[in-house]
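Everything below concerns the one structure shown next.
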Amino acid sequence: MGSGRMTTNVHKNINELLLPANLAEILDKYRDILTNYEVVPGEKHLYPSYRRTKKNLSVLFPLKEHPVHGKTGLYVMEKYDENGYVLRYHYLWKIIIPKMGVQGYHISAWGNEPHNDPKTPSELIVESEPHHHHHVPGDWHRRQANWTVWTLAEAFEFVAYYIRSEQEYKP
């Protein structure tokens with residue numbers, strides 16, 4: 001985690017049932033860090049880039065420009081089970097303008113895709129598996145245990161700290 005970031009949630013059970021994002025509550029609480037990069041040259045509107053069905057949520061939230069990281073966004077993907085609980089999540093804080101390759105745009109990301117294949121290198125298996133944090137900007141392959149960001153509200157809490165304080169995220 002970056003220095004100075006306050007953690008308010010700590011998960012303990014890797015099998016915890018996770019509720020889907022409450023977008024109305026999140027948009028209200030984090031309105032001050034959201035912006036609308038209306039047009040990216042050669043692209044359609046970025047915000048709202050939104051798709052929600054009973055099975056999934058996919059949205060890109062453009063964020064207020066950061067003095068170090070620039071024009072960033074929080075990309076969200078949630079997949080739901082038949083009971084409406086989050087089966088898989090992926091939250092990615094990334095540089096959205098200018099467009100870059102995956103290694104270039106990545107700032108921080110969290111997910112719960114399992115990495116328990118027997119061929120997975122031991123350094124990529126973490127204590128909180130399947131929950132993990134891609135914590136090194138520009139290095140998508142580095143992972144660490146993740147006990148704090150398992151929901152969209154928690155991802156927003158993490159990112160909002162850096163947007164509001166204008167501090168650079170450094171693991």
Side-chain angles (χ1 to χ4, degrees), residues 1-23 25-26 29-30 33 49-61 63 66 68-69 72-96 100-163 165 167-171:
M1 280 185 254
S3 64
R5 186 203 176 263
M6 301 301 292
T7 302
T8 60
N9 296 314
V10 177
H11 299 274
K12 296 179 181 174
N13 176 1
I14 61 169
N15 297 311
E16 177 181 339
L17 293 176
L18 301 173
L19 295 173
N22 181 333
L23 291 180
E25 185 177 290
I26 289 168
K29 185 173 183 178
Y30 297 102
I33 69 165
S49 173
Y50 173 83
R51 183 178 145 211
R52 188 168 200 164
T53 68
K54 287 184 177 186
K55 293 283 186 187
N56 66 53
L57 167 69
S58 174
V59 61
L60 173 64
F61 294 100
L63 304 170
H66 189 275
V68 176
H69 300 295
T72 67
L74 185 60
Y75 170 72
V76 175
M77 187 282 302
E78 290 183 346
K79 290 188 180 183
Y80 309 119
D81 68 13
E82 60 279 351
N83 297 313
Y85 291 103
V86 176
L87 181 64
R88 293 276 174 262
Y89 66 84
H90 178 77
Y91 308 122
L92 170 61
W93 182 24
K94 66 180 189 170
I95 297 168
I96 57 176
M100 301 178 180
V102 72
Q103 290 295 321
Y105 70 67
H106 165 259
I107 300 170
S108 191
W110 306 266
N112 71 337
E113 306 84 11
H115 289 79
N116 55 2
D117 184 294
K119 296 176 186 173
T120 302
S122 61
E123 66 270 13
L124 296 181
I125 302 295
V126 296
E127 181 184 357
S128 60
E129 195 70 47
H131 306 277
H132 56 274
H133 180 195
H134 296 275
H135 62 292
V136 179
D139 187 350
W140 183 254
H141 299 291
R142 300 269 307 272
R143 303 167 73 233
Q144 68 179 10
N146 171 26
W147 298 103
T148 58
V149 177
W150 293 11
T151 67
L152 180 55
E154 293 163 349
F156 260 102
E157 177 186 355
F158 183 98
V159 172
Y161 172 82
Y162 294 99
I163 299 294
S165 70
Q167 289 185 33
E168 180 179 8
Y169 166 68
K170 293 181 183 178

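Residue indices begin at 1 and follow the sequence shown. The analysis underlying the following values was restricted to heavy atoms, covering all of them including side chains, and did not include hydrogens, waters or symmetry mates.
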Between CH2 on residue Trp147 and CD on residue Glu154, distance to nearest 0.5 Å: 13.0 Å
Validation row: Thr148, Trp110 side chains within 4.5 angstrom (heavy atoms): no
Non-hydrogen atoms of Pro114 and Pro130 that approach each other most closely: CA-CB, 3.8 Å
Closest contact, heavy atoms only, Ala21 versus Ile26: CB-CD1, 4.2 Å
His90 NE2 to Met77 CE distance, which is reported to the nearest 0.5 Å: 7.0 Å
Test ring-ring contact (aromatic ring centres under 6.0 Å, His included) applied to Tyr89 - qualifying residues, sequence neighbours left out: Tyr91, His131
Contact check, side chains of Leu74 and Tyr30, non-hydrogen atoms, under 4.5 Å: no
Heavy-atom neighbours of Glu25 CD exceed 12 at 6.0 Å: no
Euclidean distance, Ile95 CD1 relative to Leu63 CG, rounded to 0.5 Å: 12.0 Å
Donor-acceptor contact present, side-chain Asp81 to main-chain Asn83, <3.5 Å: yes
Distance-minimising heavy-atom pair for His106 and Val136: CE1-O, 3.0 Å
Validation row: Leu57, Leu23 side chains within 4.5 angstrom (heavy atoms): yes
Heavy-atom side-chain contact between Leu87 and Tyr80 under 4.5 Å: no
Arg142, CZ: over 12 other non-hydrogen atoms inside 6.0 angstrom: no
Which residues share a ring-ring contact (aromatic ring centres under 6.0 Å, His included) with His69, sequence neighbours left out: His66, Trp93
Euclidean distance, Asn146 CG relative to Phe158 CZ, rounded to 0.5 Å: 9.5 Å
For the student: nearest non-hydrogen atoms of Gln167 and Tyr161, plus distance: NE2-OH, 3.0 Å
From Leu152 atom CG to Leu19 atom CG, the distance as rounded to the nearest 0.5 Å: 12.5 Å
Closest non-hydrogen atom pair between Gly73 and Ile96, with its separation: N-CG2, 3.9 Å
For the student: nearest non-hydrogen atoms of His135 and Ser108, plus distance: CA-OG, 4.5 Å
Glu168 atom CD, over 12 foreign heavy atoms within 6.0 Å: yes
4.5 Å side-chain heavy-atom contact, Lys29 and Phe156: no
Trp150 and Asn112, any side-chain heavy atoms less than 4.5 Å apart: no
Contact check, side chains of His132 and Glu113, non-hydrogen atoms, under 4.5 Å: yes
